[in-house]
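Single-structure report; data block below.
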Amino acid sequence: MVARRKVAVVGVALSDCGRVADATPYALHAQAARRALADAGLDRSLVDGFASAGLGTLAPVEVAAYLGLRPTWVDSTSVGGSTWEVMAAHAADAIAAGHARVVLLAYGSTARADVRAGRRTGTLSFGTRGPLQFEVPYGHTLIAKYAMAARRHMIEYGTTIEQLAQVAVQARANAALNPEAMFRTPVTVDEVLAGPMIADPFTKLHCCVRSDGGAAVLLAAEEYVRDCRTAPVWVLGSGEHVSHAAMSEWADFTVSPAAVSGRLAFERAGVRPDEMDFAEIYDAFTYMTLVTLEDLGFCGKGEGGAFVEQGRLRVGGGGLPVNTDGGGLSAQHPGMRGLFLLVEAVRQLRGECGERQVRRGADGALPRLGVASGTGGWFCSSGTVVLGVG
């Protein structure tokens, strides 16, 4: 039996993000990929694995061709926002088993620019085929699914709209420390509550921004780490889970699939949630952050509202820093944002985040453990990855 190799993230990068009106999604893929390779200091010829989703008729074949890659390992898993955590897990497994040596994950989207130019409309629904045909005729839009789940949590556990608003307030506070964030001006709970209603109970600031942008992550087998210009961030454990397709088949609106993917990731990494120095959590809506915190084990079920109060999610807030770049609520959200969670987690563990850098202990040491957890669809899927240094 061949010994399984350790796997590290050796390069990460973002493309230009925010308002990018003069680039194609392919160009954003390429820009992020080039920057990630430069970050790692590895030659492109070493890349024999490629993973991507969301672009092209034969994704990721078309994107690989655009990048000039001819991979011998490929992944096009597409499960919404959790795609990239799931792909990272698949890539790490492939590298560990000797099926690939260096795998590139890349993503790019001009979601904002396309709407502005009239090339597409806002995504109110994912279509009307399959199980969705039983929901769409009743006006059950994508955002309505999240709003209904949030309302169930409020009824079940007494979670308040002010507590949900705190998630947006603290995401913006973290974004204020991030020069790459799209929105950096602080907001208050009252301002969140006073915004236009989008889907009860969500007002505008409970919802993610729409942006353009891309990201790339490079994973490599342990023997290539010594050739890299950056310190390795090791993939310690991962988990994935698919919950439901139709809302009518979701057993409990207050439990996300992260309850399974998180448990598996922590068990496989051999660590506990309370050992994490920070968490990067998919936050298309404020409720996603709150319920994922519960399901990852950072607080008990129904305790998420109390957990997010008093600034606990802020960098330097004395609790658990969450979405340290500002998240999808304030930094950027170009479609499927899961890859951005991994980029930020790696940057935090490498100590590259400037004003928003997470510190631990009285001596202000750099973080050693972090978790990235993506959610796809309407809480349909989840992928969780535990990362560490040293």
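Please read all numbers here as calculations on a predicted model, not as lab measurements.
Shown are Y287, F379, F285, Y146; of these, the ring pair (Phe, Tyr, Trp, His ring centres under 6.0 Å) with H153 is made only by Y287. For the side chain to side chain contact (heavy atoms under 4.5 Å, CB included) test with L177, the passing option among R314, R184, R356 is R356; the others fail. Here the options are T384, T375, T292, the test is side chain to side chain donor-acceptor pair (under 3.5 Å), and the partner is S261; only T384 passes. When the options D277, T324, L387 are evaluated for a side chain to side chain contact (heavy atoms under 4.5 Å, CB included) with Q348, the one that passes is T324.
Defined by atom type and a distance below 3.5 Å, a donor-acceptor pair is missing between the side-chain atoms of Q166 and E162. No donor-acceptor contact under 3.5 angstrom links the side chains of R152 and T254, judged on distance only. Between the side chains of D295 and S256, at least one donor-acceptor pair of N or O atoms lies under 3.5 Å. Side-chain atoms of E85 and Y282 include no donor-acceptor pair closer than 3.5 Å.
Transitive grouping of hydrophobic side chains (ILVMFWY, heavy atoms separated by less than 4.5 Å) brings L218 and L69 into a common cluster. Residues L341 and V103 do not share a hydrophobic cluster, clusters being chains of Ile/Leu/Val/Met/Phe/Trp/Tyr side chains in contact below 4.5 Å.
Distance CZ/R101 to CZ/R5: 9.5 Å, rounded to 0.5 Å. The distance from atom CE of M148 to atom CZ of F202, rounded to the nearest 0.5 Å, is 11.5 Å. To the nearest 0.5 Å, atom CG of residue L349 and atom CD of residue E344 are 10.0 Å apart. Between the CD atom of Q332 and the CZ atom of R337 there is a distance of 4.5 Å, given to the nearest 0.5 Å. Taking OG1 of T286 as the reference point, atom CD of Q170 lies at 11.5 Å (rounded to 0.5 Å). Atom-to-atom distance recorded for D48:CG and H99:NE2 is 11.5 Å, nearest 0.5 angstrom.
Under a 3.5 Å cut-off, the side chain of W378 and the backbone N or O of A245 do form a donor-acceptor pair.
No more than 12 heavy atoms of other residues, nucleotides or ligands lie within 6.0 Å of CZ in R44, so this atom counts as exposed by the packing criterion. Within 6.0 Å of CD on Q133 lie more than 12 heavy atoms contributed by other residues, nucleotides or ligands.
The cationic group of R151 does not satisfy the cation-pi geometry with Y157, failing either the under 6.0 Å distance to the six-membered ring centre or the 45° limit from the ring axis. Cation-pi geometry between R312 and F307 is met: under 6.0 angstrom from the ring centre, within 45 degrees of the axis.
Ring-centre distance between F253 and H244: not below the 6.0 Å cut-off. Taking the six-membered ring for Trp and the full ring otherwise, the centers of Y107 and W84 sit less than 6.0 Å from each other.
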